Amino acid sequence: MDPKDLKDIDRLRLKLRPALLYVVSTAQFFDIVNGASVSVAILPIAQDLNFTVTEVLWILNAYTITFAGLLLLSGRLGDLYGHRRMFMFGLFWFALWALVVSFSTSPIMFILSRALQGMGAACTIPTAMALIATNYPVGPERTKAFSIFGAFGGLGAVTGILLAGGLIASIGWAWIFRISAIAAFILLGFSFVVIPLTPPKTEKPKVDFLGAFTATLGVTGIVYYISTGVAYGWASVKTLPVFVVSVLLLVSFVYIESRVRHPLMPLRIWKVKSFTASVALAFVSMAMFQGIIYYANMVFQEVYQWTPIKTALGFLVHSLLAVVVFGILGRTLPRLSLKPLILLGFLLRCVTALMFSFVNENTSYWAIPFPAFIIHIFGVGLSLLPIQITAVRDAENKDQGLVGALYNTGLQLGAPFGIAILNVIAISTNGNIDGAVKGGPELMKGFRNAFYAIIAMGLFGFFLALVILPWDKPVRPATKKGSELVEVEPSELENGGEAIDELGRVIDVGGGGGGEKEEVLGGGADAEVDGEPVSARTVAGGGSGGDSNASTIVSMDKLGKA
């Protein structure tokens, strides 16, 4: 492609960057709203469509299983064929089947349509993260962008509960899906305009079909096992064989990826210690998050005997505060080391679970649940946002879709796993045989043990982060002042002296060094171009060998030879 065309594309990308961020963040918002709303609307849906007891669990699982199972494949296809294309296809597919779901007349129609809708979300979420990572340079800009993205997600989780309560009480559950469809079609129109085109691939992408087959079926089977184990039994003939086959498929997938020339999941990405740790922490973090939201909902409806709409209002402080807290963190995270924040976040979330364990039918909402929600949203912001930033920070642009997919796979596996384990604990405590507690405040005994289990998860996440997550320094772009490359505080870039251009390069506008440009690239400390070694210096390095938070400064003159 002509260099002039590339410059025009880069200028367009810079101009549309704010709109792009809000489009992809809103897409995630409505996806999460849709999922949270359905969890509240299970009973009305089951009653209207005459679901049997064994079919009810598929109201949620049909979507979750296809979503989680296809994340890896769709994320990698976004890397190969274009994140813009995959994101827009996902929006269209999500909207189409959300509309079909809203007109369901039978359980089978609902379940199949919901599963197909999950495929659209699997195409949208990892590519949304990739679009942010590839359009915002490493440092303060990307951190702020992901903080806004995370704020929309946190807002969606509780807005979904509020929306469902209002819709169920007024015009019916079908409008949960119709509103999602309308919003997705509108976003699709905006996407055509605000997501810039990228240069076409010079080579035809090569897809690892065998790896895609084994990975998709393997992850789908694992999610199925986790999601249905509580209802069918962990050693049931309906679940255990699926689990065994899924494990074998995933082992085969790893073997295939180590042998093929163009793997779906290059194993090199797991060598980045911060990424591997982030996926594990995302799993634990989402298990905790789903546990708190689910059992707080159970406390409101069973222990307090609240209606769905009153329950939704009880979550309102959580939703509104998420916007404020995540917005503040977006401005402060670039100046802070992330690991201490993650550790503090897990501890605050443990405090939330501990506070809820003291609730009974006579406890005032304002005495415990209200302040517990305030503490919880601070804990989520201080842990989940830095984990997300750490996951994508060191990956190359060509791997961002895959990284986003793997990170979200960790989240999607963590959510049903957390609920499954907690349900086993709560149900076994309250009894699941004749004479068991059927409902009401007496269920708090089992809920209390579930909150204790959430505390155990939080402490596990704390020690996991403490042991395996590298210590880091705040991400600072580098610039050339005089004859030396130096680290620059984010505030310096905001207040003048230097500027970041549309490619993420730092330009010296103060006259020093003749205005020469230097590019901040992710990777190791040295590189080669056309077989020649390129001089490089690692800046903003962290602990554990300095490769956890490293950027490499490479001469643009030598890059031009590539």
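Note that the coordinates shown come from a computational prediction; the quantities given were computed from them, not determined experimentally.
- Applying the side-chain hydrogen bond (donor to acceptor under 3.5 Å, both in side chains) test to pairs two or more places apart or on separate chains, those with a residue in residues 345-367 are Ser285-Arg349, Arg349-Ser383, Asn360-Thr363.
- Every residue meeting the salt bridge (charged side-chain N to carboxylate O under 4.0 Å, His left out) condition with Arg268, not counting sequence neighbours, appears here in chain and number order: Asp399.
- In this structure, the side chain to side chain donor-acceptor pair (under 3.5 Å) partners of Thr52, at least two apart in sequence or on a different chain, are Thr54, Glu55.
- For Gln301, the side chain to side chain donor-acceptor pair (under 3.5 Å) partners at least two apart in sequence or on another chain are Asn297.
- For Phe451, the ring pair (Phe, Tyr, Trp, His ring centres under 6.0 Å) partners two or more places apart in sequence, or in a different chain, are Phe356.
- Partners of Trp175 according to the ring pair (Phe, Tyr, Trp, His ring centres under 6.0 Å) rule, which considers only residues two or more places apart in sequence or in another chain, do not exist here.
- Taking Tyr407 as the reference, nothing meets the ring pair (Phe, Tyr, Trp, His ring centres under 6.0 Å) condition, with sequence neighbours excluded.
- Counting only residues at least two apart or on different chains, the side-chain hydrogen bond (donor to acceptor under 3.5 Å, both in side chains) pairs with a member in residues 413-425 are Tyr295-Asn423.
- In this structure, the side chain to side chain donor-acceptor pair (under 3.5 Å) partners of Arg178, at least two apart in sequence or on a different chain, are Ser102.
- Scored by the ring pair (Phe, Tyr, Trp, His ring centres under 6.0 Å) test, Phe89 finds Trp93 as partners (sequence neighbours excluded).
- Between His318 and Phe289, the angle of the ring planes lies from 30° to 60°, which puts this pair in the tilted group.
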Side-chain donor-acceptor distances from residues 105-119 under 3.5 Å, at least two apart:
| from | atom 1 | to | atom 2 | distance (Å) |
| --- | --- | --- | --- | --- |
| Ser106 | OG | Met109 | N | 3.3 |
| Ser113 | OG | Met109 | O | 2.8 |
| Arg114 | NH1 | Asn34 | OD1 | 2.6 |
| Arg114 | NH1 | Gln117 | OE1 | 2.7 |
| Arg114 | NH2 | Asn34 | OD1 | 3.4 |
| Gln117 | NE2 | Asn34 | OD1 | 3.4 |

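- Residues satisfying the side chain to side chain donor-acceptor pair (under 3.5 Å) criterion with Ser278, sequence neighbours excluded, are absent altogether.
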